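Source: prediction; values computed, not measured. Hydrogens, waters and symmetry mates are skipped; everything else that's a heavy atom, side chains included, is used. We count residues from 1, following the sequence as given.
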Amino acid sequence: MFTPRQLVSHYEYYRSFEDKKDEIKEEYPEGEAEALLTVLSLVPGKLVDYNSRFSPWHTGKGYPSNAMGGKHLSLAKSFADINMSVGGMGSYQSAIRKIIESYEELVSYLPDDASPAELSTGDAASLPYSDNEIEAVVIDPPYYSSIMYAELSDMFYVWMKEYLDDIYPDQFQSDLTNKDDEAVANPSRFEGIAGGSDSKRELANNEYEQKMSEIFSELYRVLKPGGVMTVMFTHKETDAWDTLTKSLINSGFTITSTHPISSEMPARIDTQDSGSADSTLLLTGRKTTEGSSPIDSDVPTLWSDVRADTRLAAKDAARDLLDSGLSLTKTDVIISAFGPTLKVYADAYPVVDDQDEPVPPRRALEEAREAVTQILVDEYLEGGGLGELDDITEWYVLSWLVHESDTFNYDEGHQLGLGIGVDIDDIKRSTKLWRKRRGDIKLRGYDDRVQDITLPKEERSNRKPVDPDAISFTIALDAVHAAMHVYAKQGEDVAIDWLKERNFDTDAPFKATLKALLQVLPQDHPEWEAARDLALGRTHDALGLEFTPTDFTDVSEDRAEQTELGDHA
């Protein structure tokens, strides 16, 4: 984890801390001394984060990034060996200054007459409170399978144990963090127990659901009747929401409302191409005053009676968010509609289909995703624009519309496809429209799909499915990608002849696909520039287009500014 010099440097700062520990204990009362030592012990955590073989060098900006930026432990190809005794990034002085400034800012928000808080650590499924004692609970639960907190924490735990085990001996009894009792969906824990990867995942999911149910049940116990619980959740996977919802309902909570807030920085390394949304959804559950809960109901509700209500709730929530002026991504609009959808589902619980089989929450979420996607199409695509497209082209356009990126969560892309009748796994090999990258979908552009028209046929790559010499195309996107390729390789004159030979000047799906791509692709993306070239100049006239790229470039909207905590002090 460390070069010899890094390790020696961290060790020398630890020795300095030990040298001062007795002096601080003698100079200050016991409580203050422990508080000072605790704050000082946070410094080595920041030093380790920026000065290890896991801390990548940020080549674009010329400084080290933190080891935990990607929420994984991977040895970096290039890393910094920092001189921690000077005043730059990664130094002791820089780290302690940030920690003290953060501490002082937090303290500044406390009222002068604030009473001491009670702090306890332990298992959330076994709280040190009596029944019906607590009025409100705020919980930020583990995000399913996206982050293995205990495994990552070992990097810091071993150092903090050295610094603080004599001050907090009960918290540092073990050599490493407790991973067995952690509430995460970690399939690797079931190696040797399950037969295959699917069964490992299933066991991990079941364990996560069980542990979250135990936690929520304990929270339900300590809450007063009518008490409120707010759950923070940013995960995008339907499975994660399905599991969280079942845990909430099984614990007795009634889901009452949801509130999206812009809380994640889009540039954060750990949120890019990850399972986390750009915003946080605060989901509110209540303990009923009558003593009954959704799980107590013995009368099931037919899914056919609930389905329409879930779609309506999702659409209403999406429209409210789009009209609110909040700076939310389209993915976050979909996720934010999950809350009202789940409330409809929870109110009708238990839900069964026509065969009297239980309907899980994910079915309601899938309906919500489909319904909100249609709202987004109506909002952001001029004239709808998708009615003339084949299903595969529609999936590609919707993927760009919803995710605003060529890389996004596989589960989301798969669910989006199923909603319009496309199993993306079935088309992966034949169309080469997407590939998997670290569990995510990576959309392919025309460069990756179209054979090089300048080469003889026998020399072209057979791994690219689109033949630019074809006279007709069954997938509209293939035709547009082929046209982009011909324009880029052979210029405008050849492209015009190519388009006319194939009658694309009268082909409605071709024009609709080109128009849709101009609206959904980021304008700094090479694919958008290729679409722009086709929609300008003489090719514009040859195709008889009724639109130009400039029709879609003025998309600025007034957005509410993000506020900071200090604005509300």
Side-chain angles (χ1 to χ4, degrees), residues 1-2 6-52 54-55 64-69 71 82-122 124 128 138 140 149-150 152-178 263 265 268 270 564-566 569:
M1 294 176 68
F2 305 98
Q6 288 173 333
L7 193 57
V8 168
S9 300
H10 291 308
Y11 176 68
E12 290 300 329
Y13 275 102
Y14 162 68
R15 285 185 57 187
S16 298
F17 178 90
E18 288 296 306
D19 288 344
K20 292 292 182 181
K21 184 180 286 186
D22 289 339
E23 183 180 326
I24 291 173
K25 287 181 176 180
E26 291 174 2
E27 185 172 345
Y28 296 94
E30 181 180 4
E32 290 183 31
E34 291 182 355
L36 284 168
L37 292 170
T38 301
V39 172
L40 288 172
S41 73
L42 300 177
V43 180
K46 294 191 73 69
L47 297 180
V48 166
D49 201 18
Y50 282 91
N51 200 26
S52 76
F54 294 145
S55 310
S65 297
N66 61 315
M68 292 295 110
K71 298 294 187 289
I82 299 172
N83 182 350
M84 296 187 292
S85 64
V86 297
M89 177 175 285
S91 70
Y92 187 92
Q93 291 299 325
S94 173
I96 196 170
R97 183 172 62 252
K98 289 178 180 178
I99 286 171
I100 293 174
E101 288 174 355
S102 298
Y103 177 84
E104 290 177 342
E105 182 179 356
L106 288 171
V107 170
S108 71
Y109 295 126
L110 291 174
D112 294 335
D113 58 349
S115 56
E118 179 183 334
L119 177 65
S120 62
T121 61
V138 179
D140 187 1
Y149 299 90
L152 299 176
S153 296
D154 277 341
M155 182 172 178
F156 307 99
Y157 177 88
V158 293
W159 289 98
M160 294 198 76
K161 178 179 172 66
E162 294 297 324
Y163 278 78
L164 297 174
D165 62 346
D166 59 334
I167 297 176
Y168 305 109
D170 292 342
Q171 306 305 324
F172 294 99
Q173 292 183 25
S174 60
D175 292 334
L176 296 173
T177 59
N178 179 356
S263 61
M265 294 187 298
R268 265 181 49 191
D270 56 304
E564 296 182 356
L565 185 58

Which atom pairs, donor and acceptor, lie under 3.5 Å between side-chain atoms of residues 154-170 and protein residues at least two apart or in another chain?
from, atom 1, to, atom 2, distance (Å)
Asp154, OD1, Thr177, N, 3.0
Asp154, OD1, Thr177, OG1, 2.9
Asp154, OD1, Lys179, NZ, 3.4
Asp154, OD2, Lys179, NZ, 2.7
Tyr157, OH, Ser174, O, 2.7
Tyr157, OH, Ser174, OG, 3.3
Lys161, NZ, Phe172, O, 2.5
Tyr163, OH, Tyr14, N, 3.3
Asp166, OD1, Lys21, NZ, 3.1
Asp166, OD2, Lys21, NZ, 3.3
Tyr168, OH, Thr38, OG1, 2.8

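Closest approach of Ser9 and Met84 over heavy atoms only: CB-CE, 3.3 Å. Residues Ala95 and Val43 come closest through the heavy atom pair CB-CG1, 3.8 Å. Heavy-atom minimum distance, Asn51 versus His10: O-NE2, 3.0 Å. Considering all non-hydrogen atoms of both residues, Phe2 and Ser52 come closest at CE2-CB, 3.6 Å. When every heavy atom of Ser65 is checked against every heavy atom of Ser55, the shortest pair comes out as O-CB, 3.4 Å.
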Practice task
Report the C-alpha distance between Glu104 and Ser108 in whole Å, list the side-chain angles of each, state the deciding distance to 0.1 Å, and finish with yes or no for side-chain contact (heavy atoms from CB on, under 4.5 Å).
Solution key: CA-CA 6 Å; Glu104 290 177 342; Ser108 71; over 6 Å; no
Exercise for the section: Show your working on side-chain contact (heavy atoms from CB on, under 4.5 Å) between Lys25 and Leu37 and close with a plain yes or no. Expected result: CA-CA 9 Å; Lys25 287 181 176 180; Leu37 292 170; 4.2 Å; yes
Exercise for the section: Would you please test Ile96 and Leu40 for side-chain contact (heavy atoms from CB on, under 4.5 Å) and show each step? Expected result: CA-CA 7 Å; Ile96 196 170; Leu40 288 172; 3.6 Å; yes
Exercise for the section: Decide side-chain contact (heavy atoms from CB on, under 4.5 Å) for Glu12 and Val8; before the verdict, give the C-alpha distance in whole Å, the side-chain angles of both, and the deciding distance to 0.1 Å. Expected result: CA-CA 6 Å; Glu12 290 300 329; Val8 168; 4.3 Å; yes
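Salt bridge status for Lys20 with Glu23: present, with a side-chain N to carboxylate O gap under 4.0 Å.
The OG atom of Ser153 sits 11.5 Å away from atom CG of Asn178, with the distance rounded to the nearest 0.5 Å. Interatomic distance, CD1 of Ile24 versus CG of Leu36, reported as 6.0 Å (0.5 Å rounding). Distance check, rounded to the nearest 0.5 Å: OH of Tyr13 to CG of Leu47 gives 7.5 Å.
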